[in-house]
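Some notes on the structure that comes next.
In this chain, numbering begins with 1 at the start of the sequence shown.
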Amino acid sequence: MRPPITQPSTLPHRRRHLVAGTAALGLAGCLQASTVHAQSAPSREAEVLEEAVSTATPLRRAAFATAQPVALLDGERLATAIRNSLGETLVDQPGVSASAFGPIASRPIIRGQGGLRVQTYVDGADTLDVAALSDDHAVTVEPLLAERIEIVRGPAALLFGSAAAAGAVNVVTGRLPLVRSAVPLAGELHARGDTAANERGIAARIAGNAGGSLQFTGDMHHFSAGNLRIPDGRLENSAGETRGGNVGIGWVGERGAFAVSVSNLRSNYGLAGGHAHHDHDDDEHDHDHDHDHEHEHDEEAHGDVTLALDQQRVDIAGEWRLDGFADALRLRAARNDYGHSELEGDEIGTTYGQLGREARLSLDRDGRWTIGTQWREVEFDAAGDEAFLPTSRTRNLGAFAFGEFVLGNLTIEAGLRLEQQDINVAQAAPLAPAKPLRRYDEQAQSASLGVLWPIATPWDLSLQLTSTERHPTATELFAYGPHIAAQRFEIGDERLQLERGLTADLALRHRNAAGWSGSVGVFVADYDRFIAALPTDEMEDGLRVVRFAAIDARFTGVEFDWGNEALARAAAGTLGLRVFGDYVRARDAAGTPLPQIPPRRLGLDAGWTRNGLRLGVEAVWNDAQDDVAVGETTTAGFTAVNAQVTYRLRTGGADMLWYVRGVNLLDELMRRHASPLKDVAPLAARHLTVGVQVGF
């Protein structure tokens, strides 16, 4: 029997009425928020426990029902983890760090890789912004609007394209109403603030139906913060403000659903540590300065840079039930018109514009296989004296297939993707030498094989093998000029070819009805022609020259997350405990460390719960990173100690979650090694975060 279009939500109780009208549309372009079905894997004791489905997997499986390393953050854990950027929201998840380019512009880094290899999605479609081009560009997703965040650790290229060769993050917001609302009107309000930057953030949304099949959603959000307080003062030019809104409408019938949403986002924020570069005589620059202090510059020759961002976006989704070869046809499409200006005082220094379009169409059968095609086109333009990227158009066309079958007590998963990418450059970057430009036009192939083996109840063993080919981007091929925010002069290489990677993930998982849940995993990723941004001894206009080049590289690591929320009874309450950690090691063929690799990390989270009250304390130890690349500075270790109080109150038709969180209680000077600004932009000093989430 086929599941109906309107499926029950497994999100926390306070959101069920709202989510019933705002579907959790995932990366495969479909709404799927049901519990794990018995046919999704061999029968296991873990299946008796309710678990949210990850739409970041091709067949929309729960994390424990797929060989792919997937993590979900939702409910109360998400509400209290939310920060003012996507990277900082996810930074405490195993295998995830953040670029930490100031408080607002912080992207996720997965297993030591970020930027152009980790892609971000919203409700199943590419964000289509320019955040992947540089760490100083913010991801255009407001974490306050997230209902669930899904993290794929390791290659996600089969479904989403070669740009997700190292991982993917999908933020589920429910802006596309593909499910019939259970109530005429539901809503939610989330407000939070902190003392680190006098932050004030608020998000409000509604959802419901206008009678019959017509559904609607709407939301608005506003966020503002001053300069971040750090242990030795304030981080100058780190303040910012963001605001935006969305309207969505949908039609839900007996055999299909269709939805469209329109949104706008505006943001202004300072680039902490980013300075505008002005012309100087060559003798004003010290070309022989110490590599360990290459971030230091003549303050009289530079000024603060701020970024003004404006984005208009249209999203479309549809799902239709079929009879015959397939039982579901799904559509996901998006159009994003993005632009930002980098301001030097009141003057515009450089402008970036990008028009992105994406469409994915897939056929599914019984939750056992999916086939589909994906089209993506991005038109990029940069103008100004410091535009280091050329005007370009990138077209990508892919076809994918993924399926699973049961062999004895094993579940086998297999997938294949073929992808054609074409990059046309209209003109070189403004400062690039005049010469004919090569047009990039290549094909890439990716494949995966996964095995799930229930070795002994409730223990499972999973193995995921992936072969990926990643296309170089226009940035890696054609960049030429000063990248002021990163304080370097970037030079691309038109000769770059496909980057090939072989990845193996092995994990031991445990989940039982007594509350224990966890996994321990190891991974290795071998790359041929790994495209890296390598610093050189050259100087150009007072900036370190960085060249994109192809090298052989290997990433290895371990991740674990183990805990029990009901470990013991104490003082009429319940004690819970969670331990987690990760470690990644990255080397080139000569054994030289790669830059900006996070150090090993170990975390302990203990909590006491009674009725709606929870008291928790967390300590996360970050080791020093002295295994560094040539010219890279070391980073001291630190321990972040945090404490938290949450209280859930249900009264009348409202469900309220109150929380207070003390962060960096030891007031340590904390620098994140994965950040290009770690030497000038440390993390926040001791501070409090206070928030409330109300649903009705």
Side-chain angles (χ1 to χ4, degrees), residues 101 115-117 130-137 163 271 274-282 285 287 294-295 297 301-302 305 307 339-342 344 348-354 378-394 421-442 470-499 529-551 595-596 631 676:
F101 205 102
L116 300 168
R117 292 182 182 82
V130 301
L133 297 180
S134 174
D135 291 325
D136 61 303
H137 300 154
L271 300 181
H275 302 286
H277 179 71
H278 304 290
D279 291 336
H280 302 275
D281 294 332
D282 288 343
H285 302 290
H287 286 216
E294 65 183 59
H295 63 277
H297 301 281
H302 299 79
V305 176
L307 190 147
H340 81 247
S341 300
E342 295 184 358
E344 305 168 15
I348 297 178
T350 310
T351 61
Y352 294 86
Q354 179 164 290
V378 173
E379 298 175 15
F380 175 83
D381 179 66
D385 294 337
E386 295 164 354
F388 69 100
L389 298 174
T391 298
S392 63
R393 185 195 65 201
T394 301
Q421 180 162 293
D422 174 271
I423 302 177
N424 251 327
V425 179
Q427 61 186 38
L431 298 180
K435 63 178 181 179
L437 293 173
R438 180 175 76 93
R439 174 180 175 178
Y440 180 86
D441 189 358
E442 297 290 345
R470 185 181 77 90
H471 294 287
T473 67
T475 300
E476 295 164 332
L477 291 166
F478 305 116
Y480 192 96
H483 188 174
I484 302 303
Q487 291 295 289
R488 64 192 195 184
F489 194 100
E490 296 187 7
I491 301 178
D493 186 349
E494 297 179 30
R495 300 167 297 177
L496 293 174
Q497 302 176 26
L498 289 171
E499 174 186 287
R529 299 196 298 264
F530 181 84
I531 302 173
L534 301 179
T536 70
D537 291 331
E538 306 170 67
M539 300 294 294
E540 189 74 35
D541 292 338
L543 299 173
R544 177 72 56 192
V545 172
V546 171
R547 294 182 179 271
F548 289 96
I551 63 174
Q596 296 179 214

Heavy-atom pair of closest approach, residues Ala533 and Arg488: CB-NH2, 4.2 Å

Residue pair Leu116 / Ala132: nearest heavy atoms and the distance that separates them: CD2-O, 3.3 Å

Side-chain donor or acceptor of Thr536 paired with backbone N/O of Val545 under 3.5 Å: yes

Trace of the side-chain contact (heavy atoms from CB on, under 4.5 Å) decision for Gln421 with Arg470: CA-CA 10 Å; Gln421 180 162 293; Arg470 185 181 77 90; over 6 Å; no

Ring geometry between Tyr352 and Phe380 (parallel below 30°, tilted from 30 to 60°, perpendicular above 60°): tilted

Value rounded to 0.5 Å, distance of CD1 in Ile491 from CZ in Phe478: 15.0 Å

Met539 side chain near Arg544 side chain, heavy-atom distance below 4.5 Å: yes

Backbone of Leu543 reached by a side-chain donor or acceptor of Asp541 within 3.5 Å: no

Ile423 versus Pro472, closest heavy-atom pair with distance: CD1-O, 3.6 Å

Donor-acceptor pair, side chain of Glu499 and main chain of Ile531, under 3.5 angstrom: yes

Carboxylate-amine/guanidinium proximity below 4.0 Å for Asp422 and Arg439: yes

Stacked cation flag Arg117 on Phe530, 6.0 angstrom / 45 deg: yes

Side-chain donor/acceptor of His340 to backbone N/O of Leu307, under 3.5 Å: no

Side-chain donor or acceptor of Arg547 paired with backbone N/O of Glu490 under 3.5 Å: no

Closest heavy-atom pair and its distance - Ala479, Leu389: CB-CD2, 3.8 Å

Any Leu477 side-chain heavy atom under 4.5 Å of Val425 side chain: no

Parallel, tilted or perpendicular, as decided by the 30° and 60° cut-offs, for the rings of Tyr440 and His471: perpendicular

side-chain contact (heavy atoms from CB on, under 4.5 Å) between Phe548 and Thr475, intermediate numbers included: CA-CA 9 Å; Phe548 289 96; Thr475 300; 4.2 Å; yes

Heavy-atom side-chain proximity of Val546 to Leu534 below 4.5 angstrom: no

Min side-chain heavy-atom separation Phe101-Ser134 under 4.5 Å: no

Heavy-atom pair with the smallest gap, counting every atom of Ser341 and Ile348: CB-CG2, 4.1 Å

Student check: side-chain heavy atoms of Glu342 and Asp136 closer than 4.5 Å: yes

